[in-house]
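Here the structure comes first, spelled out in structure tokens, and everything after it is commentary.
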Amino acid sequence: MTAATPVADAYRAIEERGWFDRSALEVAPDLLGRYLVHLTPAGRIVGRIVEVEAYLGPEDLAAHSARGETARNAVMFGPPGHLYVYLVYGMHHCANVVCGPSEKPEAVLLRAAEIIEGEEIARGTRGDVPATRLAAGPGNLAAAFGVDRALNGADLTHGPVLIAERGPITDAERPSMIQTARIGVEYAGAWTSRPLRFLFADDPHRSRR
DNA sequence: GTCGGGATCCTCT
DNA sequence: GAGGATCCCGACA
């Protein structure tokens, strides 16, 4: 049920908004192994997503939507399939995939990816760091992909930022996926320990913490 | 207008 | 493992 058309020669972008119109609990694990694509003027940056976190509706005390809609988090309350970008700690941007279900402000934070194309472009903003750390951690990922607040609200079904899968599909072995508690949300009460972080356990490109 | 906190990262010890 | 960098945003007066 995934509408996918070629981004270029090798990647098929998800262009069906319904794919995003599901709970973050479903979208988060489904994002693992897929590709984040940013078509920049300098060229194409592609990364394989290896770590994400699900942020559920207003009841999730760790989610920005927990305190109601504001100018900052308005994108989270909008239609699914859009990019929600915000600044944390005054210096790092974080990229989120807004999902559903309809009318519910849920999102998936992109925490780490393996850069598989456009590494030189990514290094333009990240400098001389090991490939395994280029996009390890949400702040690093946003920097490597050149994502900042200018892209807040961007439509993921039309680019320039897209979610894609590689084509033709191969049956490459899937690394083992695990779930853990989320990072940096110690203030969220019972929500702190809920296993809403999804990652490939043995992937060297995951975040360090 | 002012104040305080935050979905992080890096360096130094 | 600890602490500093750095600034937007929301709450409150």
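When reading the values below, keep in mind they use all heavy atoms of this one structure, side chains included, and skip hydrogens, waters and symmetry mates. In what follows, chains carry the letters A, B, and so on, assigned in the order in which the sequence lines appear, proteins first and then strands, with residues in each chain numbered from 1. All values derive from a computational prediction rather than experimental measurement.
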Exercise for review: Would you classify A/Asn140 as touching base, sugar-phosphate or nothing, given that sugar-phosphate means primed atoms plus P, OP1 and OP2, and contacts are heavy atoms under 4.0 Å?
Suggested key: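 Sugar-phosphate contact only.
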Practice item. Check the angle between the aromatic planes of A/His64 and A/Tyr86 and answer parallel, tilted or perpendicular using the 30° and 60° thresholds. Key: perpendicular
Review point. Atom CG in A/Leu151, atom NE2 in A/His82: separation rounded to 0.5 Å?
Key: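 Nearest 0.5 Å value for the CG-NE2 distance: 13.0 Å.
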**Study point:** CG on A/Leu162 to CD1 on A/Ile14, rounded to 0.5 Å
**Key:** 9.5 Å
Point to revise | Test item: A/Val108 and A/Val98 side chains (from C-beta on) under 4.5 Å apart, heavy atoms | key: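 When only atoms from C-beta onward are counted, A/Val98 and A/Val108 do not touch, as no gap falls below 4.5 Å.
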Write down the distance between [atom1] ([X]) and [atom2] ([N]), rounded to a whole number of angstrom.
X        : N     : atom1 : atom2 : value
A/Tyr187 : B/dG6 : OH    : C1'   : 7 Å
A/Phe198 : B/dA7 : CZ    : P     : 19 Å
A/His92  : B/dG5 : NE2   : C1'   : 16 Å
A/Leu61  : B/dA7 : CG    : P     : 12 Å
A/Met76  : B/dA7 : CE    : P     : 11 Å
A/Leu134 : B/dC9 : CG    : P     : 13 Å
A/Asp60  : B/dA7 : CG    : P     : 11 Å
A/Leu83  : B/dA7 : CG    : C1'   : 15 Å

Check your understanding: Is A/Asn152 reaching over with its side chain to a backbone N or O of A/Val85, donor-acceptor style, under 3.5 angstrom?
Key -> yes
**Study point:** Expected output: side-chain A/Glu106 to main-chain A/Ala24 donor-acceptor under 3.5 Å
**Key:** yes
**Study point:** salt_bridge(A/Arg194, A/Glu53) N-O dist < 4.0 Å
**Key:**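 Result for this pair is no, no salt bridge flagged.
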Check your understanding: Are A/Glu51 and A/Arg206 within salt-bridge range, i.e. N to O under 4.0 Å?
Key ->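 Salt bridge absent between A/Glu51 and A/Arg206.
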Study note, to complete from the structure: Heavy-atom contacts, protein to nucleotides 6-13 of chain C, under 4.0 Å, summarised as B (base), S (sugar-phosphate only) or - (none) per nt, yield BBSSS---
Point to revise | Ring-face cation contact, A/Phe198 with A/Arg111, 6.0 Å cut, 45° max | key: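 No - A/Arg111 does not lie over the ring of A/Phe198 by the 6.0 Å and 45° rule.
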**Study point:** Secondary-structure notation, DNA chain C, from Watson-Crick and G-U pairs under 3.5 angstrom (| other strand)
**Key:** |||||.||||||.
Check your understanding: Quick one: is B/dC9 close enough that its OP1 or OP2 comes under 4.0 Å of any side-chain N or O from A/Arg133?
Key ->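 False: A/Arg133 side-chain N/O out of range (4.0 Å or more) of B/dC9 OP1/OP2.
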